[in-house]
2 protein chains.
Amino acid sequence: MDGTDDYVLDEQVGFLMRRANQRHLAIFARSIPDLTPTQFAALARLCELERVSQNALGRATAMDAATIKGVVDRLRARGLVEVTPDEVDQRRVVLAPSEAGRALFRSLQARAASITAETLAPLSDGERETFLSLLRRLV
Amino acid sequence: MDGTDDYVLDEQVGFLMRRANQRHLAIFARSIPDLTPTQFAALARLCELERVSQNALGRATAMDAATIKGVVDRLRARGLVEVTPDEVDQRRVVLAPSEAGRALFRSLQARAASITAETLAPLSDGERETFLSLLRRLV
DNA sequence: CCGCGATTGTTGGTATACAAGCGGATTTTG
DNA sequence: CAAAATCCGCTTGTATACCAACAATCGCGG
């Protein structure tokens, strides 16, 4: 039992992912101060899907129903998302990006791409590919 | 300008990290329901450092001063951490794991290690090494 | 057509997380 | 030694994030 039980926090994948995520979040906030990563993800998906229900958007962006509600509320409050009741299913609301939402997304697209680049900047091109493909298998 | 502006959310490192983290958090919560990953990290560091101030523990676990306060409060409420005022520096409080805290950490250590293993289970041994070493460079 | 399970959106509660700002203590510096 | 800078812990406010519970609605089987 000499070395089997040493638990080194700094080598745990969860701790490393948390810290890597912190660094990425800081890069994002510096580059796009107006929108959080979550809000941007929701807006991006909405621009891609055009018309979806709230929960469906949540599933498409890996967010809980309770979480997506708050995100959509904040996007709505800023006029980036429009909400209309679904005509057939009375439980649903249909979300769509407003013209302002679409314009904002377009204007931020390039910056968003550069955020990914900056996050991965410590790695070489090949390492980036490797990292992303391994990461994709851990979702 | 045909393909330069397609922003694919699912390929962004932030989105992938968020989802990989979600999966890891779910594994953690299933395996150690009593403690959050953050609380466990703080407890682990505390067992390693024995006696630290609150903010110092926060820095050692990559937590904001406001964040570590809440974490320590909850650990204290469960009797896992003991607090004494620092004798020299009157601003500081000195944290130390209680006997119960040390015992809990010891009893969870193996499970914590298996959480890392389960999180990385989709990868082969070599891929795990690669992933961790790349991830370590992104913190 | 009736009932029952599933889905939709909502709410409340808990737990990170960070920014900003506070008063107080300590250390550095001029 | 006094002023400035720094550090300490705290609080407030905002934003994820998830769970659990809820009413309203929908769809399907009988």
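Proteins come first, then strands; the chains are lettered A, B, ... in the order of their sequence lines, and each starts at number 1.
Contact check of residues 65-91 of chain A against DNA chain C (heavy atom, cut-off under 4.0 Å) returns A/Ala65, A/Ala66, A/Lys69, A/Arg91.
OP1 and OP2 of C/dT7 both lie 4.0 Å or more from every side-chain N or O belonging to A/Arg59. Residue B/Thr36 places at least one side-chain N or O closer than 4.0 Å to OP1 or OP2 of C/dT16. At C/dT16, one or more side-chain N or O atoms of B/Gln39 fall inside 4.0 Å of OP1 or OP2 (strictly under the cut-off). One finds a side-chain N or O of A/Arg18 lying less than 4.0 angstrom from the OP1 or OP2 phosphate oxygen of C/dA17. Under 4.0 angstrom from either OP1 or OP2 of D/dA15 there lies no side-chain N or O belonging to A/Thr38. For the pair B/Gln22 and D/dC18, the criterion of a side-chain N or O lying under 4.0 Å from OP1 or OP2 is met.
Between the P atom of D/dA17 and the CZ atom of B/Arg19 lies a distance of 13 Å, rounded to the nearest Å. Summarising the geometry, the separation between CE on B/Met63 and C1' on C/dA19 is reported as 18 Å, rounded to the nearest angstrom. Per the geometry, CG belonging to B/Leu57 stands 14 Å off C1' belonging to D/dC8, to the nearest Å. Rounded to whole Å, the distance from CG on A/Leu35 to P on D/dT14 is 17 Å. Residue A/Leu25 contributes atom CG, which lies 8 Å from atom P of C/dC18 at whole-angstrom precision. If you measure from atom CZ of A/Arg23 to atom C1' of C/dA17, you get 18 Å, rounded to the nearest angstrom. Nucleotide D/dA15 holds its C1' atom 16 Å from the CD1 atom of A/Ile32, rounded to whole Å. If you take CG of A/Asn21 and C1' of C/dT16, they are 12 Å apart, rounded to a whole angstrom.
In the displayed structure, B/Glu87 atom CD is contacted under 6.0 Å by at most 12 heavy atoms of other residues, nucleotides or ligands. For CZ of B/Arg102, the number of neighbouring non-hydrogen atoms (other residues, nucleotides, ligands) closer than 6.0 Å is greater than 12. Counting non-hydrogen atoms of other residues, nucleotides and ligands closer than 6.0 Å to CZ of A/Arg51 gives a total of 12 or fewer.
Between the B/Glu11 side chain and the B/Val8 main chain, no donor and acceptor come within less than 3.5 Å of each other.
A ring-centre distance under 6.0 Å is not found for B/Phe40 and A/Phe15.
Remark: the B/Ser98 side chain and the B/Glu82 side chain contain no N/O donor-acceptor pair separated by less than 3.5 Å.
When all heavy atoms of A/Arg45 and A/Thr61 are compared, the pair lying nearest together is CG-CG2, 3.4 Å.
Nearest to the side chain of B/Asn55, among D/dG9, C/dA19, C/dG9, sits D/dG9.
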